[in-house]
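Comments concern the structure below.
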There are 2 protein chains.
Amino acid sequence: MAPHAHPTDPSDMPLGPRQRALLAVLQAADAELSGQELHERLKQASQRHGLATVYRNLRLLQRSGLVRCRKLTNGESVYAPLERDDHHLTCVSCGHSEPLPICPVATGGLGLTKVLLQGFKPLFHTFEIHGLCRSCQQSEPLAHG
Amino acid sequence: MAPHAHPTDPSDMPLGPRQRALLAVLQAADAELSGQELHERLKQASQRHGLATVYRNLRLLQRSGLVRCRKLTNGESVYAPLERDDHHLTCVSCGHSEPLPICPVATGGLGLTKVLLQGFKPLFHTFEIHGLCRSCQQSEPLAHG
DNA sequence: CCGTATGCTGAGAATGGTTCTCGTTTTAGC
DNA sequence: GCTAAAACGAGAACCATTCTCAGCATACGG
Ligand SMILES: [Mn+2]
Ligand SMILES: [Mn+2]
Ligand SMILES: [Zn+2]
Ligand SMILES: [Zn+2]
């Protein structure tokens, strides 16, 4: 690890080579990737990492404010660079998910004051709308089972 | 609670007795409950349900627009009545979570137009801010057990 | 009353993404 | 080089959730 750097500043956080590799794959991807997908892509990129290392470093990158994470309804976690800002509509019936080109934080309408945060340092947010997709509305009006 | 006269949905789905019991426990609770907690509370309420039934009916209640669900960082899902609207600040380092008295949808600033939804029928939303709590900011720059 | 179709239930097994264990390997500092 | 500390990774463990499937309840026509 780099021998200098100032603590408490995430942007100065010295990254190890594996963390840089991880981040590079995330930034090259055109969508959020799961831990397993990342593991797979690193294999192909001749950067074999153990699965434990992938997850370990994803956790560290998240604490460093470089990567964000979101849990899908199926339990998988998907990761993306912090600066990428996307949200989704997800169907509670079939699980289908599509992008939602709106962000409640970017529009600035929220009163996210320092008072509200009370010392908490925000890194990223998740905003997802859950409901019924068009086709699930049309199918059985909720077959009681 | 009156047994009927619920003026909400167009789809007047009759609930089975077990789904009503589930909903009652959720409404009586003062916080979101996990599937396992619900199972436990139903035992104590002399309404023994199998765990499979708890999860099955939670899924149905969600599709019916009566219950909402959110995934915690530890993988658990927690449930609440749809009308309850709360959000949280969650620390990516220690997992500590506290309420955030703000809702981007309630404030109405979002342009959630029909055009954007494209036939999707929204039921509920999740909005969570992730970052570093005060104590994790103070502790080691990136200490990990 | 049957007989049959249909759907709900739940104990236990299976699932599967993530985390943990712990011996090995690499790095940092001298 | 040498030693201590940190990072690594193969495989085991974890555990919330889902699946399986036989048993039970209900509906309804005959
Ligand atoms: Mn956003
Ligand atoms: Mn809200
Ligand atoms: Zn759907
Ligand atoms: Zn914390």
Side-chain angles (χ1 to χ4, degrees), chain A residues 1-5 7 13-23 32-43 45-64 67-79 90 92-95 140-145, chain B residues 13-23 32-43 45-64 67-79 90 92-95 140-145:
Chain A
M1 287 248 181
H4 49 295
M13 197 50 196
L15 298 181
R18 308 185 105 94
Q19 290 175 11
R20 278 198 303 275
L22 219 51
L23 197 52
E32 298 160 307
L33 296 178
S34 71
Q36 318 257 359
E37 285 168 334
L38 264 148
H39 180 233
E40 198 54 41
R41 297 206 182 187
L42 284 165
K43 252 184 230 165
S46 69
Q47 285 277 1
R48 194 182 43 182
H49 293 204
L51 198 47
T53 299
V54 170
Y55 283 112
R56 190 164 32 226
N57 283 326
L58 280 172
R59 242 178 293 142
L60 294 176
L61 286 169
Q62 218 178 320
R63 284 164 173 64
S64 303
V67 161
R68 67 173 173 77
C69 172
R70 164 172 87 97
K71 282 206 175 309
L72 304 182
T73 46
N74 66 11
E76 274 188 344
S77 296
V78 289
Y79 302 84
T90 302
V92 295
S93 187
C94 67
E140 276 312 290
L142 232 234
H144 203 311
Chain B
M13 247 283 289
L15 299 181
R18 307 184 106 91
Q19 290 175 11
R20 278 197 303 276
L22 219 50
L23 196 51
E32 299 160 307
L33 296 178
S34 72
Q36 316 260 357
E37 285 168 335
L38 264 151
H39 179 234
E40 198 54 42
R41 296 206 183 189
L42 284 165
K43 251 185 229 164
S46 70
Q47 286 278 0
R48 196 182 39 186
H49 293 202
L51 198 48
T53 298
V54 169
Y55 282 112
R56 188 162 37 225
N57 284 325
L58 280 172
R59 243 179 290 141
L60 295 174
L61 287 169
Q62 218 179 319
R63 283 163 174 65
S64 304
V67 161
R68 67 174 174 76
C69 173
R70 165 173 87 95
K71 283 208 177 305
L72 304 182
T73 45
N74 66 11
E76 276 189 339
S77 296
V78 289
Y79 302 85
T90 302
V92 297
S93 186
C94 67
E140 275 309 291
L142 256 204
H144 178 201

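Below, read A as the first sequence line, B as the second, and so on, with proteins coming before strands; counting in each chain starts at 1.
C:dC8 atom C1' lies 10 Å from atom CG of B:Leu60, rounded to whole Å. Going from atom CD of B:Glu76 over to atom P of C:dT18 covers 16 Å, rounded to whole Å. To the nearest angstrom, P of D:dC19 lies 6 Å from CZ of B:Arg59. When the P atom of D:dT17 is taken as reference, atom CZ of B:Arg70 falls 13 Å away, rounded to whole Å. Distance, B:Leu58 CG to C:dT9 P: 12 Å, rounded to whole Å. The distance from atom CD of B:Gln47 to atom C1' of C:dT9 is 14 Å, rounded to the nearest whole Å. Between the P atom of C:dG17 and the CG atom of A:Leu33 lies a distance of 15 Å, rounded to the nearest Å. Here D:dA16 presents its C1' atom at 12 Å from CD of B:Glu37, a figure rounded to the nearest Å.
Salt bridge present: A:Glu32 and A:Arg70 bring a charged side-chain N and a carboxylate O closer than 4.0 Å.
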Which atom pairs link the protein and nucleotides 8-15 of chain D when you take only N or O atoms and keep those under 3.5 Å?
| residue | atom | partner | partner atom | Å |
| --- | --- | --- | --- | --- |
| D:dG9 | OP1 | A:Arg18 | NH2 | 2.6 |
| D:dG9 | OP2 | A:Gly50 | N | 2.9 |
| D:dG9 | OP2 | A:Thr53 | OG1 | 2.7 |
| D:dG9 | N7 | A:Arg56 | NH2 | 3.0 |

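Shown here are the salt bridge (Lys or Arg N to Asp or Glu O under 4.0 Å) partners of B:Arg41, two or more places apart in sequence or in another chain: there are none.
One distance of note links OG of A:Ser46 with CZ of A:Arg48; it measures 10.5 Å at 0.5 Å rounding. With rounding to the nearest 0.5 angstrom, the OG atom of A:Ser93 is 10.0 Å from the CD atom of B:Gln62. Between the CG atom of A:Leu58 and the OG atom of A:Ser77 there is a distance of 9.5 Å, given to the nearest 0.5 Å.
Distance alone, capped at 3.5 Å, places no donor-acceptor pair between the A:Arg18 side chain and the A:Thr53 backbone.
Of the side-chain N and O atoms in B:Ser77, one or more sit less than 4.0 angstrom from OP1 or OP2 of D:dT17.
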